[in-house]
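Side chains are part of it too, since the values below use all heavy atoms of this structure and drop only hydrogens, waters and symmetry mates. The first residue of the sequence shown is numbered 1, and numbering continues consecutively from there.
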Amino acid sequence: MSSAESRQEQLSPSAPSPAPSSCSSFELIDMDAASLYEPVSPHWFYCKIIDSKETWIPFNTEDSQQLEEAYDSGKYCNGRAVPTDGGRYDVHLGERMRYAVYWDELPSEVRRCTWFYKGDKDNKYVPYSESFSQVLEETYMLAVTLDEWKKKLESPNREIIILHNPKLMVHYQPIATSDEWGSTPTEQGRPRTVKRGVENISVDIHCGEPLQIDHLVFVVHGIGPACDLRFRSIVQCVNDFRSVSLSLLQTHFKKAQENQQIGRVEFLPVNWHSPLHSTGVDVDLQRITLPSINRLRHFTNDTILDVFFYNSPTYCQTIVDTVASEMNRIYTLFLQRNPDFKGGVSIAGHSLGSLILFDILTNQKDSFGDNENEKGAHNIVMDQGDMPTLEEDLKKLQLSEFFNIFEKEKVDKEALALCTDRDLQEMGIPLGPRKKILNYFRTRKNSECCSGAKDAKEDDCLDIGIGQVSVKYPRLIYKPEIFFAFGSPIGMFLTVRGLRRIHPSYKFPTCKGFFNIYHPFDPVAYRIEPMIVPEIEFEPMLIPHHKGRKRMHLELREGLTRMSMDLKNNLLGSLRMAWKSFTRAPYPALQASGKAEEPEAECDSSSEKASETLEAVKEEVPPINVGMLNGGQRIDYVLQEKPIESFNEYLFALQSHLCYWESEDTVLLVLKEIYQTQGIFLDQPLQ
């Protein structure tokens with residue numbers, strides 16, 4: 001009790017003692033609560049700068065308990081880190097700092113919180129420092145134990161806190177009154193509310209994430225540093241995407257979670273904008289940028305010019321190297337931190353990011369073993385001094401059926417090495433074989449150039465065969481299972497590059513699935529399927545609403561359209577029958593009695609046949625073959641617009657391009673396709 005008594009002596013003696021006759025509201029003390037003291041339960045928070053203002057966010061329940069256990073044991077206070085947020089952040093308890101694991105981010109302060117305050121203009125409670133919270137707790141313990149309230153103490157920044165009773169504690173901010181002698185703090189103004197324990201403040205604390213990770217998805221952003229209308233980074237947007245996926249797993253995969261068949265899908269962002277603009281190109285652009293409309297020009301340099309950078313050989317190489325190396329680095333680090341991970345990997349790209357991933361996937365090798373075998377074959381040929389013929393090379397590539405075409409055009413190996421993609425296309429060779437042939441002979445030519453000490457720059461250039469700039473595409477150290485494209489301009493870029501059609505047999509060398517997901521009003525999105533099947537017009541696949549069925553305004557629109565078509569068909573049928581009866585020659589009088597009912601019978605039979613034909617057309621829709629780019633399945637998937645968006649397409653165009661991060665329908669489609677590869681399906685199929 002000596003420390004408690006000394007703490008009591010430090011309290012300000014100027015605190016007024018309550019009058020015996022006083023009956024104000026804050027002096028009504030709950031005697032049952034005052035008679036017993038229970039230690040406060042701490043909860044761990046971290047600080048984030050949001051809109052240039054500090055905001056304290058609580059760790060989820062599991063992470064807070066883990067941090068408290070480490071704090072009590074003391075074993076993590078000497079440089080060791082505590083993983084939090086599903087392993088995406090590490091907390092160094094000794095430093096009280098939180099560090100991002102997979103991406104660059106400023107470290108944030110961590111605090112063990114027990115006491116909080118909030119002013120009238122504050123949206124959330126703010127925790128006191130750990131040292132001052134300890135002072136408040138000791139003062140509170142004294143007041144409860146001795147049943148002596150109206151305790152008054154001063155914070156380190158000379159602010160006054162008064163503990164009236166267990167339910168009423170206030171914090172006064174001093175308002176300086178300036179005069180010629182200086183400033184004097186007073187207890188004026190509206191007081192802040194003081195709360196003890198996280199259970200007494202209004203804050204959302206999540207339970208935590210499942211420990212088991214079933215699948216890993218890398219997400220690549222589009223142009224610019226901001227990814228939505230709130231100018232948030234790719235990290236923040238992917239955080240939203242991940243949060244939506246966790247909530248959808250609880251609602252749409254409930255049976256699988258209860259049976260412990262699934263855990264969660266981890267989404268990790270990949271940032272290429274910062275490395276690109278750290279090359280010094282911004283300084284060069286600033287020297288040539290006009291001073292007028294400064295903000296618009298800065299926005300253009302920082303955002304729209306990324307499209308032109310990607311079409312430049314120099315900066316395109318920087319972009320693809322950054323994306324591929326970042327995904328490889330994060331994948332390696334992820335395996336180190338999750339040694340028990342046995343799941344697959346998929347990739348997703350938004351806007352220009354989807355085009356970058358498309359080009360990288362297009363230029364991957366068939367398998368990790370083929371490249372070594374190919375190198376070995378080259379070395380054997382070089383040692384023996386015997387060069388294989390063109391027919392042998394084509395047989396090795398399993399393209400022997402095209403040898404007659406080259407023989408007819410009198411194209412030998414030397415001529416073939418000089419051919420471009422357009423030359424092979426004019427010969428009638430499909431996209432897939434074209435790419436194999438060009439890659440094989442260009443790689444062979446480069447190896448010969450290396451042995452002859454030719455120019456190294458020529459060795460690093462590979463023509464990918466779809467009109468892209470000549471860059472050397474890096475190799476991924478894993479095989480993606482599915483490629484998701486959100487609001488993607490891939491179709492437009494391929495068309496601009498001169499590619500009119502994608503052969504139905506073409507598929508990515510290392511990736512089996514490809515889904516092109518877009519909003520109907522997205523101005524940047526383009527379809528892929530018409531490039532594979534240009535002779536047929538058909539609609540994309542409509543993504544079901546995450547709550548089932550279609551949105552009401554779409555069903556109403558389709559119902560009205562169907563009803564108008566039925567009325568139109570019935571009206572035309574009636575007019576046609578009336579015209580036929582008007583122009584038909586009259587029956588002979590002798591046959592009138594025997595055949596008087598035939599016109600009506602014909603009318604009934606024709607209408608029945610028409611209705612049966614319409615129903616047969618509706619039921620027997622032939623399946624559309626969209627090639628092997630998605631394993632024979634459909635590729636284009638369109639979201640359902642919201643009712644308010646249907647009033648004005650142009651007004652919501654920009655928002656439509658940035659809507660995917662918080663779209664439950666998009667996230668549910670991604671989860672459904674990922675878990676479908678593992679034999680796990682939705683609790684109830686969406687219609």
Novice: List in chain and number order the residues that pass side-chain hydrogen bond (donor to acceptor under 3.5 Å, both in side chains) with His503, two or more places apart in sequence or in another chain; answer none if no residue qualifies.
Specialist: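 side-chain hydrogen bond (donor to acceptor under 3.5 Å, both in side chains) check on His503 returns Ser505.
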Novice: Measuring from atom CD1 of Ile201 to atom NE2 of His43, what distance do you get when rounded to the nearest 0.5 angstrom?
Specialist: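 Here the interatomic distance stands at 9.0 Å.
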Novice: Does the side-chain contact (heavy atoms from CB on, under 4.5 Å) test come out yes or no for Ile674 and Val217, once each step is laid out?
Specialist: CA-CA 10 Å; Ile674 287 176; Val217 180; 3.7 Å; yes
Novice: Kindly write out the residues that satisfy side-chain contact (heavy atoms from CB on, under 4.5 Å) with Pro474, not counting sequence neighbours, or none if the list is empty.
Specialist: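 In terms of side-chain contact (heavy atoms from CB on, under 4.5 Å), with neighbours along the sequence ignored, Pro474 is linked to Val320, Asp321, Ala324.
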Novice: Charged N to carboxylate O under 4.0 angstrom, Arg329 versus Glu326?
Specialist: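 Here Arg329 pairs with Glu326 in a salt bridge, since their nearest N and O are under 4.0 Å apart.
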Novice: When you measure from the side chain of His519 to the backbone of Gln655, do you find a donor-acceptor pair of N or O atoms at a distance under 3.5 Å?
Specialist: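 No, the answer is negative, given that no donor and acceptor are paired below the 3.5 Å cut-off.
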Novice: Looking only at heavy atoms, what is the nearest atom pair of Arg501 and Met531, with distance?
Specialist: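 Minimum heavy-atom separation between Arg501 and Met531: CG-O, 3.0 Å.
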Novice: So Ile490 and Asn516, do their side chains get closer than 4.5 Å, heavy atoms only?
Specialist: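 No, their side chains stay 4.5 Å or more apart.
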Novice: Are the side chains of Ser245 and Val265 in contact, using a 4.5 Å heavy-atom criterion?
Specialist: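 No; the side chains remain at least 4.5 Å from each other.
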Novice: Test ring-ring contact (aromatic ring centres under 6.0 Å, His included) on Tyr125 and Phe45 and set out the steps.
Specialist: CA-CA 11 Å; Tyr125 278 89; Phe45 282 66; over 10 Å; no
Novice: Could you report the tightest heavy-atom contact between Ile528 and Gly491, atom names first, then the distance?
Specialist: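 Closest pair (atom of Ile528, atom of Gly491, distance): CD1-N, 3.7 Å.
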Novice: Return yes when atom CG of Asn259 has more than 12 non-hydrogen atoms of other residues, nucleotides or ligands closer than 6.0 Å, and no otherwise.
Specialist: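 More than 12 heavy atoms, drawn from other residues, nucleotides or ligands, come within 6.0 Å of this atom.
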Novice: Distance from Asn630 atom CG to Asp636 atom CG, nearest 0.5 Å?
Specialist: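 Rounded to the nearest 0.5 Å, the CG-CG separation comes out at 10.0 Å.
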Novice: Is any side-chain heavy atom of Gln236 closer than 4.5 Å to a side-chain heavy atom of Cys227?
Specialist: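 When only atoms from C-beta onward are counted, Cys227 and Gln236 do not touch, as no gap falls below 4.5 Å.
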Novice: Which distance, rounded to the nearest 0.5 Å, do you find between the OH of Tyr526 and the CZ of Phe493?
Specialist: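 The CZ atom of Phe493 is 9.5 Å from OH of Tyr526, to the nearest 0.5 Å.
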Novice: Can you confirm whether more than 12 heavy atoms, excluding those of Glu539, are under 6.0 Å from its CD atom?
Specialist: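 Open: at most 12 neighbouring heavy atoms sit under 6.0 Å from CD of Glu539.
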Novice: Taking only residues at least two apart or on different chains, which pairs with a member in residues 205-217 satisfy side-chain hydrogen bond (donor to acceptor under 3.5 Å, both in side chains)?
Specialist: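 Matches after skipping sequence neighbours: Arg88-Glu209, Glu209-Arg264, Gln212-Asp214, Asp214-Tyr675, His215-Ser346.
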Novice: May I have the step-by-step check of side-chain contact (heavy atoms from CB on, under 4.5 Å) for Gln261 and Phe253, ending in yes or no?
Specialist: CA-CA 10 Å; Gln261 293 179 289; Phe253 293 87; over 6 Å; no
Novice: To check you understand the geometry: which heavy-atom pair defines the closest contact between Leu352 and Asp306, and what is its length?
Specialist: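 Reported closest heavy-atom pair: CD2-O, 3.8 Å.
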Novice: For His273, check ring-ring contact (aromatic ring centres under 6.0 Å, His included) against everything at least two apart and list the hits.
Specialist: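 Partners of His273 by the ring-ring contact (aromatic ring centres under 6.0 Å, His included) criterion, ordered by chain and then number, come out as His277.
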Novice: So which heavy atom on Val270 is nearest to which on His221, and how close?
Specialist: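 Minimum heavy-atom separation between Val270 and His221: O-CD2, 3.3 Å.
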Novice: Specify the closest pair of heavy atoms between Gly263 and Gln257, including all atoms of both residues, with the distance to one decimal.
Specialist: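 So the minimum-distance heavy-atom pair works out to O-NE2, 4.0 Å.
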Novice: Gln364 side chain to Arg475 main-chain N or O, any donor-acceptor pair under 3.5 Å?
Specialist: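 Pair absent, no side-chain N/O of Gln364 close to backbone of Arg475.
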Novice: Ser351 and His657: side-chain contact (heavy atoms from CB on, under 4.5 Å), yes or no, with the steps?
Specialist: CA-CA 8 Å; Ser351 191; His657 182 58; 3.3 Å; yes
Novice: Under the rule for ring-ring contact (aromatic ring centres under 6.0 Å, His included), what residues qualify as partners of Phe241, not counting sequence neighbours?
Specialist: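 Result, ring-ring contact (aromatic ring centres under 6.0 Å, His included) vs Phe241: Phe267, Phe486.
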Novice: Can you give each donor-acceptor pair under 3.5 Å made by side-chain atoms of residues 332-341, sequence neighbours left out, with the distance rounded to 0.1 Å?
Specialist:
| residue | atom | partner | partner atom | Å |
| --- | --- | --- | --- | --- |
| Thr332 | OG1 | Asn328 | O | 2.9 |
| Arg337 | NH1 | Asp90 | OD2 | 3.1 |
| Arg337 | NH2 | Gly87 | O | 3.3 |
| Arg337 | NH2 | Asp90 | OD1 | 2.9 |
| Asn338 | ND2 | Phe334 | O | 3.0 |

Novice: Restricting to non-hydrogen atoms, name the atom on Asp522 and the atom on Val524 that form the minimum distance, rounded to 0.1 Å.
Specialist: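 Reported closest heavy-atom pair: OD1-N, 3.0 Å.
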Novice: Look at atom CD1 of Ile49 and say whether more than 12 heavy atoms of other residues, nucleotides or ligands are closer to it than 6.0 Å.
Specialist: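 Counting other residues, nucleotides and ligands, CD1 of Ile49 exceeds 12 neighbours.
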Novice: Side chains of Leu658 and His350: does their closest heavy-atom pair fall under 4.5 Å?
Specialist: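 They are in side-chain contact.
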Novice: Run the side-chain contact (heavy atoms from CB on, under 4.5 Å) test on His252 and Leu671 for me, step by step, so that the C-alpha distance in whole Å, both residues' side-chain angles and the decisive distance to 0.1 Å come before the verdict.
Specialist: CA-CA 10 Å; His252 291 72; Leu671 293 176; over 6 Å; no
Novice: Can a donor-acceptor pair be found, under 3.5 Å and without considering hydrogens, that links the side chain of Gln317 to the backbone of Lys472?
Specialist: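 Answer holds: yes.
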Novice: How long is the straight-line distance from OH of Tyr46 back to OG of Ser64, given to the nearest 0.5 Å?
Specialist: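 These two atoms lie 12.0 Å from each other.
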Novice: Between atom NZ of Lys547 and atom CG of Asp665, what is the distance when rounded to the nearest 0.5 Å?
Specialist: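 These two atoms lie 10.5 Å from each other.
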Novice: Using the salt bridge (Lys or Arg N to Asp or Glu O under 4.0 Å) criterion, which residues pair with Glu664? Sequence neighbours excluded.
Specialist: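 Salt bridge (Lys or Arg N to Asp or Glu O under 4.0 Å) check on Glu664 returns nothing, list empty.
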Novice: Mind checking ring-ring contact (aromatic ring centres under 6.0 Å, His included) for Tyr506 and listing every partner two or more places apart, or none if nothing turns up?
Specialist: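 Partners of Tyr506 by the ring-ring contact (aromatic ring centres under 6.0 Å, His included) criterion come out as none, since no residue qualifies.
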Novice: Do Ser354 and Phe483 have side-chain heavy atoms sitting under 4.5 Å apart?
Specialist: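 Heavy-atom side-chain distance check passes, below 4.5 Å.
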Novice: Looking at Asp63 and Arg98, is any side-chain nitrogen of the basic one under 4.0 Å from a carboxylate oxygen of the acidic one?
Specialist: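 Not counted as a salt bridge, because no side-chain N and carboxylate O are separated by less than 4.0 Å.
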Novice: Check salt bridge (Lys or Arg N to Asp or Glu O under 4.0 Å) between Glu68 and all other residues, then give those that pass, not counting sequence neighbours.
Specialist: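 Applying salt bridge (Lys or Arg N to Asp or Glu O under 4.0 Å) to Glu68 gives Arg112.
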Novice: Please determine which of Tyr518, Phe515, Tyr660 meets the ring-ring contact (aromatic ring centres under 6.0 Å, His included) test together with Tyr637.
Specialist: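 That would be Phe515; it is the only one of Tyr518, Phe515, Tyr660 passing the ring-ring contact (aromatic ring centres under 6.0 Å, His included) with Tyr637.
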Novice: Side chains of Val533 and Asn625: closer than 4.5 Å at any heavy-atom pair?
Specialist: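 No - every pair of side-chain heavy atoms lies 4.5 Å or more apart.
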Novice: Is the shortest side-chain heavy-atom distance between Leu476 and Thr510 below 4.5 Å?
Specialist: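 No. Closest side-chain heavy atoms not under 4.5 Å.
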Novice: Would you give the length of the straight line joining atom CZ of Phe508 to atom NZ of Lys479, rounded to the nearest 0.5 angstrom?
Specialist: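 One gets 15.0 Å once the value is rounded to the nearest 0.5 Å.
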Novice: Are Tyr310 and Trp272 close enough that some pair of their side-chain heavy atoms sits under 4.5 Å apart?
Specialist: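 Side chain of Tyr310 against side chain of Trp272, heavy atoms only: no contact under 4.5 Å found.
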Novice: For Phe681, give me all partners under ring-ring contact (aromatic ring centres under 6.0 Å, His included), at least two apart in sequence or on another chain.
Specialist: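 Phe681 satisfies ring-ring contact (aromatic ring centres under 6.0 Å, His included) with no other residue.
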Novice: Using the side-chain hydrogen bond (donor to acceptor under 3.5 Å, both in side chains) criterion, which residues pair with Ser274? Sequence neighbours excluded.
Specialist: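 Ser274 satisfies side-chain hydrogen bond (donor to acceptor under 3.5 Å, both in side chains) with Asn271 once adjacent residues are dropped.
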Novice: Using the test side-chain hydrogen bond (donor to acceptor under 3.5 Å, both in side chains), find all partners of Glu105 that sit at least two apart in sequence or belong to another chain.
Specialist: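 In terms of side-chain hydrogen bond (donor to acceptor under 3.5 Å, both in side chains), with neighbours along the sequence ignored, Glu105 is linked to Lys48, Tyr89, Trp103.
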Novice: Between Lys255 and Asp683, does any side-chain N to carboxylate O distance fall below 4.0 Å?
Specialist: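 Looking at Lys255 and Asp683, the cut-off is not met.
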Novice: Would you check if the side chain of Glu529 reaches a backbone N or O of Ile635 as a donor-acceptor pair within less than 3.5 Å?
Specialist: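 At least one qualifying donor-acceptor pair exists.
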